[in-house]
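Note that this is a predicted model, so its numbers are computed, not measured.
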Amino acid sequence: MRADLSPEAEFSETAREIMRILDLSLPDRFDGWSVRYPTNVRPSAADAREGLLGSEHGVELYTLSAWCDRFLGRQFTADITTHDWLSYPEQLFLTVTAGAVFRDEIGELSALRDRLCYFPPVWLYKLAAQWGRVAEERAYIGRTGDAGDEIGSRVIAARMVGNIMRLAMLVERRYAPYPKWFGAAFARLPCAPELRETLEQILSAPDWPKREAGLFDACWFIAELQMARGVPCAIAPSVGSLHNRPFRFVDSLQIGNALRSAIADDELRELPEFGAADQFISSNFVLAVPKFSRAAVTALLDLKAELK
């Protein structure tokens, strides 16, 4: 570091020199892929703010502070609160913790990645809430199918497959990415080779009884996986019932309640099962903007406090 320059001034001088060299040396294409192309997502060469320098070829230079402000909407320099863990979708934490770091002499980036590497304070709560998502529609594949609503049965089955995939991500302690990459991330889980075939059978089943049977098997598998992975208070699965109706499903409420009992924090244990932002929000637009997802979680927490 030059003694005659502030950190901000040094970044500006160094970043411009790095970008000048890249402007001159980067090819139009690399390994068959375009390097220089217009986009309205990345900062342009005209975008030069404190701690940030854009380009026309996709390379972006940031200080860590400026990068956090742009992509996370805040700095994570202190302990992360329960509200923080619930407010941010996992895809944003994955943005920080995934990918290669080639050099980090200062250590600030590595320290940030360590702080966000996973979410033990709310892990069991998120697991319990995800079983609650399954419980909400546990008999609906059969109920819609029995009523002759084949399209409705298929839609619910697809949604339940997504819920089960997210359960698997939580049990295996992996962040869930942006929807475009969700299936690819699931396929890399240790449990995926055993579970994937069942999920594919649910999606391709020709009738609701086969969908229901596949869903039962998938939930049973996840419940046993929790025990195998040593999840606290994980219990063996059992068959549930709903007002003596002839639909077959795993008792997901019982599983979720058992997990909830293992949550040490009283306030967190007593929260309703809405879960974190990306468990009850499906809008990619909202989840991509930290202020939006945080506002949604804050509103629910405030409402919960009012109802006490």
Margin query: Can you classify the ring geometry of F285 versus F292 as parallel (below 30°), tilted (30 to 60°) or perpendicular (above 60°)?
Written below: tilted
By side chain to side chain donor-acceptor pair (under 3.5 Å), R248 pairs with (sequence neighbours left out) none
Taken in chain and number order and not counting sequence neighbours, the residues that satisfy side chain to side chain donor-acceptor pair (under 3.5 Å) with T97 are none
Any carboxylate oxygen within less than 4.0 angstrom of a Lys/Arg side-chain nitrogen, looking at [X] and [Y]?
X: D23; Y: R20; value: no
X: K126; Y: E90; value: yes
X: R103; Y: E105; value: yes

Cluster membership besides V155, Ile/Leu/Val/Met/Phe/Trp/Tyr side chains within less than 4.5 angstrom, sorted by chain and number, is I151
By side-chain contact (heavy atoms from CB on, under 4.5 Å), S282 pairs with (sequence neighbours left out) none
Heavy-atom closest pair, residues [X] and [Y]:
X: A234; Y: Q226; result: CB-CB, 3.7 Å
X: P237; Y: M227; result: CD-CE, 4.2 Å
X: L124; Y: V231; result: CD2-CG1, 3.8 Å

Determine, step by step, whether F76 and I80 satisfy the side-chain contact (heavy atoms from CB on, under 4.5 Å) criterion, reporting the C-alpha distance in whole Å, the side-chain angles of both residues, the deciding distance to 0.1 Å, and the verdict.
CA-CA 7 Å; F76 282 95; I80 305 169; 4.0 Å; yes
Applying salt bridge (charged side-chain N to carboxylate O under 4.0 Å, His left out) to D28 and not counting sequence neighbours gives R36
### Message
R294 vs Y88, test: side chain to side chain donor-acceptor pair (under 3.5 Å). Steps then yes/no.
### Response
CA-CA 7 Å; R294 186 176 183 86; Y88 280 77; 5.3 Å; no
Could you check whether [Y] and [X], counting side-chain N and O atoms only, form a donor-acceptor pair closer than 3.5 Å?
X: R269; Y: Y125; value: no
X: S55; Y: E60; value: no
X: D278; Y: Q91; value: no
X: D104; Y: S110; value: yes
X: S87; Y: D84; value: no

What side-chain donor-acceptor pairs closer than 3.5 Å can you find for residues 173-189, not counting sequence neighbours?
unit_1: R174; atom_1: NH1; unit_2: E172; atom_2: O; d: 2.7
unit_1: Y175; atom_1: OH; unit_2: L116; atom_2: O; d: 2.6
unit_1: Y175; atom_1: OH; unit_2: Y118; atom_2: N; d: 3.3

